[in-house]
Student: 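A single structure is presented below for examination.
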Amino acid sequence: MAISVRICSLAAPAFSFRPTTKQRGLAIALSLGASLVGNSALAQTANVLTRSDVPDKVAKRRTQKESDPATKLRNCQLKQATRLVGGSVLAGSASMPPARCDSTNEVATNRAQKKIDPFARFENLREKGMWLNIPGPADTIDQDKGGVRSALADVGIGYVGGTVNSLVNNQLPSAAGTRVANQSYMGQNPTFGTVNFVIVTYDLSRFGIPDGQIIVGAEQQYWTWKPGGPDRLGINVIAYYQTFFDRKLELKMGYLRNQNEFAGTVVGGNAAASVLGPSSNILYQAGMSNNAAPTPALNLKYNFDDHLYNRLSIQRSLSPDGQYAQITENPTGLNWSTANAGILWLDEAGYKNKAAPGLPETWVRAGIGFNNSSFTNLEYPEQPRTNANSVYYFAADRQLWQSDVQGLAHRGIYGGFSVMYAPPDLNKVSQYYELRLYAKGLFDSRPSDQIAIVATNTVWSNFAVGSALAQGHLAHRDSTAISGTYTAHLAPGIYGSVGLTYINNPTSITHTRETGHALNLFVSTSIFF
């Protein structure tokens, strides 16, 4: 109380002094107030008042700095201190709440901490309409060095390219040092493959077309075992994309690879993390186009809401004689059609949500396809071709555990399965089953790596197996495989994968006594620019 009386006795007479004396008295009072509240910012404010600024200049400066969060904070602190030094106000200060300065302080802090993503402007230039995730500009070796990507983005152009190089080799003792003249499966002899591509997009939304985009791409591939490829140089994609009705309806048409639009056959959905991972060719034999064999198509996707969708495609089928026949006849991919190829109708319904804090990622999809191409009838191979093939599939993936809920929500452990069926009288692969367990960013020190364990079972057509047995061949009714793969994100745009796959019956239907099993070591590098 003695201190309070002293302050009041100094403050009251001060109003009868000259203007300079007033300012000094007020400065003294404020300094004493600052010592009471322990605020150094208040003492600095008192020092400002001792200068010879005239009142109108002070008011002008206050008006000019009104929008500055730091100034708002100082003013708030000054008001709080004034309440402490003001006569009767001081007496009741103990029961009065402090001034609300925290909101202004929070705004200033948030603005200072907010980070601007320099690559956000390129997101609209990535290819649209796919489920497959090709690494974006931030995850490339060139990023925006020299401002080249920015200069192209200024005129609406985006790009992505990559080179994927793989080596597969059987590790079983029976295969060591042996080179087979007529290789019958990948890895029987050391098998090397390289796939190189570039995709360029042009933004049409700048002209008022909702999400409008033109996509053009080219691809080159080479394989030491030709049935694994075969070699080609041609288009990858030529497409037009846009949306309607506030993104309820998506349209994509041109030379498409529906492998990246339907089914979701790549484990984890990352193009860099599963290059030669387990996936059935049952969809390709049914006519679905892919990266090595794009075909003319028109795709429509209707989004009922943010999660539920239905996707329809009218696509020129691949050759009914298979992928190898398709690429051999049409290596550039520019031909409108190939021999005996008709129309493939595809429809997929699904539910999908991306991972978010506390919300695990989920993707459930079911599809059906009808193909009117002329297929060889495996039950009656001597009869004319049949024009009524079909394929059916169901697949689901679910995030089982989130390891970084409040940070990168997609990190964690996932599980999934796929079931596919095609009639055995027209398709060599009649059934396909897959179980998968995989992890994204399992280790804090490796948040972009992926680990996958996948088990598959491929069931061959009973008509094709029976025909092979009738001709005196050794034949098997199915092939079973289990694989483990680790994909490391080594640097921006650079991935390395290593895996081991055990296969029971690695060949297609017929086999020899030496080809009953395989243990394939798989090594690959993926580089994106």
Student: I'd like to know whether Arg121 forms a salt bridge (Lys or Arg N to Asp or Glu O under 4.0 Å) with Asp154, so could you lay out the CA-CA distance, the side-chain angles of the two residues, the decisive distance to 0.1 Å, and finally the verdict.
Tutor: CA-CA 10 Å; Arg121 61 176 303 201; Asp154 289 340; 2.5 Å; yes
Student: List the atom of Phe370, the atom of Ser390, and the distance in Å for their closest heavy-atom pair.
Tutor: CD2-CB, 3.9 Å
Student: If only side-chain N and O atoms count, and only distance matters, is there a donor-acceptor pair under 3.5 Å linking Asn353 with Asp306?
Tutor: no
Student: Looking at Ser524 and Ser166, what are the two nearest heavy atoms and their distance?
Tutor: CB-OG, 3.6 Å
Student: What is the minimum heavy-atom distance between Ser479 and Thr507, and which atoms define it?
Tutor: OG-O, 3.8 Å
Student: Applying side chain to side chain donor-acceptor pair (under 3.5 Å), name anything that partners Ser403, two or more places apart in sequence or on another chain.
Tutor: none
Student: Do Gln326 and Thr295 make a side-chain contact, defined as non-hydrogen atoms from C-beta onward lying under 4.5 Å apart?
Tutor: yes
Student: Quick one: which residue pairs count as a salt bridge (Lys or Arg N to Asp or Glu O under 4.0 Å) with a foot in residues 251-263, not counting sequence neighbours?
Tutor: Glu127-Lys252, Glu127-Arg257, Lys252-Glu261, Glu261-Arg311
Student: Please check this pair: side chain of Trp131 against backbone of Gln259, looking for a donor-acceptor N/O pair closer than 3.5 Å.
Tutor: yes
Student: Keeping to residues at least two apart or across chains, list the salt bridge (Lys or Arg N to Asp or Glu O under 4.0 Å) pairs with something in residues 130-145.
Tutor: Asp142-Arg149
Student: Let me confirm one number: the CG-CG distance from Asn236 to Asn290, rounded to the nearest 0.5 Å.
Tutor: 10.0 Å
Student: Excluding sequence neighbours, so at least two apart, what forms ring pair (Phe, Tyr, Trp, His ring centres under 6.0 Å) with Tyr240?
Tutor: none
Student: Do the side chain of Asn371 and the main chain of Ala286 share a donor and acceptor less than 3.5 angstrom apart?
Tutor: yes
Student: Who are the ring pair (Phe, Tyr, Trp, His ring centres under 6.0 Å) partners of Phe394, not counting sequence neighbours?
Tutor: Phe417
Student: Is any side-chain heavy atom of Leu300 less than 4.5 Å from a side-chain heavy atom of Leu251?
Tutor: yes
Student: If you compare all heavy atoms of Gln143 against all heavy atoms of Ala138, which two are closest, and at what distance to 0.1 Å?
Tutor: NE2-O, 2.8 Å
Student: Check whether Thr140 reaches the backbone of Phe529 with its side chain - one donor and one acceptor, N or O, closer than 3.5 Å.
Tutor: no
Student: Do other residues, nucleotides or ligands put more than 12 heavy atoms under 6.0 Å from the CZ atom of Phe245?
Tutor: no
Student: Determine yes or no for a side-chain-to-main-chain donor-acceptor pair under 3.5 angstrom, with Ser317 supplying the side chain and Leu344 the backbone.
Tutor: no
Student: Do Phe244 and Tyr302 pass the side-chain contact (heavy atoms from CB on, under 4.5 Å) test, and can you show the C-alpha distance, the side-chain angles, and the key distance before you say yes or no?
Tutor: CA-CA 10 Å; Phe244 302 89; Tyr302 186 78; over 6 Å; no
Student: With distance as the sole test, does Gln399 use its side chain to make a donor-acceptor pair with the main-chain N or O of Glu361 at under 3.5 Å?
Tutor: yes
Student: Under 4.5 Å between any side-chain heavy atoms of Phe522 and Ser483, yes or no?
Tutor: no
Student: I'd like to check Asn281 versus Gln323 (side-chain heavy atoms, cut-off strictly below 4.5 Å). Are they in contact?
Tutor: no
Student: Quick one: which residue pairs count as a salt bridge (Lys or Arg N to Asp or Glu O under 4.0 Å) with a foot in residues 478-487, not counting sequence neighbours?
Tutor: none
Student: Below 4.5 Å, heavy atoms only, C-beta onward: do Leu346 and Asn299 meet side chain to side chain?
Tutor: no
Student: Please confirm whether the backbone N or O of Ala263 pairs with a side-chain atom of Glu348, one donor and one acceptor, at under 3.5 Å?
Tutor: yes
Student: In terms of relative ring orientation, are Phe122 and Phe119 parallel, tilted or perpendicular, with 30° and 60° separating the classes?
Tutor: tilted
Student: His410: which residues meet the ring pair (Phe, Tyr, Trp, His ring centres under 6.0 Å) condition with it, sequence neighbours left out?
Tutor: none
Student: Kindly give the heavy-atom pair with the smallest separation between Ile503 and Ala481, and that separation in Å.
Tutor: CG1-CB, 4.1 Å
Student: Salt bridge or not for Glu250 and Arg247, using N-O below 4.0 Å?
Tutor: no
Student: In chain order, what residues pass the side-chain contact (heavy atoms from CB on, under 4.5 Å) check against Arg436, with sequence neighbours excluded?
Tutor: Val267, Arg365, Ala395, Asp397, Ser418, Glu434, Tyr438, Val454
Student: Does NZ or CZ of Lys440 fall inside the cone over Tyr414's six-membered ring, less than 6.0 Å from its centre and within 45° of the axis?
Tutor: yes
Student: Counting C-beta onward and ignoring hydrogens, is there a side-chain heavy-atom pair between Asn505 and Thr480 closer than 4.5 Å?
Tutor: no
Student: Can you sort out the partners of Pro227 under side-chain contact (heavy atoms from CB on, under 4.5 Å), two or more places apart, ordered by chain and number?
Tutor: Trp225
Student: Please test Glu219 against Arg232 for salt bridge (Lys or Arg N to Asp or Glu O under 4.0 Å), starting from the C-alpha separation and ending with a verdict.
Tutor: CA-CA 8 Å; Glu219 180 180 282; Arg232 75 176 290 260; 3.6 Å; yes
Student: Suppose the criterion is salt bridge (Lys or Arg N to Asp or Glu O under 4.0 Å): which pairs have a residue in residues 187-199, not counting sequence neighbours?
Tutor: none
Student: According to ring pair (Phe, Tyr, Trp, His ring centres under 6.0 Å), who are the partners of Tyr351, at least two apart in sequence or on a separate chain?
Tutor: His307
Student: Between Gln171 (side chain only) and Asn169 (backbone N and O only), is there a donor and an acceptor less than 3.5 Å apart?
Tutor: yes
Student: Within the 4.5 Å heavy-atom criterion, are Tyr185 and Asn170 side-chain neighbours or not?
Tutor: yes
Student: Where is the tightest heavy-atom contact between Tyr392 and Ile368, given as atom of each residue plus distance?
Tutor: CE2-CD1, 3.3 Å
Student: So, Gln221 side chain and Gly193 main chain: donor-acceptor pair closer than 3.5 Å or not?
Tutor: no
Student: What do the steps show when you test Gln242 against Asp211 for side-chain contact (heavy atoms from CB on, under 4.5 Å), and what is the final call?
Tutor: CA-CA 5 Å; Gln242 80 163 90; Asp211 301 299; 5.7 Å; no
Student: Only counting residues at least two apart or in another chain, list the ones meeting salt bridge (Lys or Arg N to Asp or Glu O under 4.0 Å) with Arg446.
Tutor: Asp449
Student: Just wondering, more than 12 heavy atoms not from Lys226 lying within 6.0 Å of its NZ?
Tutor: yes
Student: So, the side chain of Asn258 versus the backbone of Phe262: is there a donor-acceptor pair under 3.5 Å, distance only?
Tutor: no
Student: Do the side chain of Gln213 and the main chain of Leu204 share a donor and acceptor less than 3.5 angstrom apart?
Tutor: no
Student: Determine whether Val164 and Ser526 make a side-chain contact, defined as any pair of heavy atoms from C-beta on separated by less than 4.5 Å.
Tutor: yes
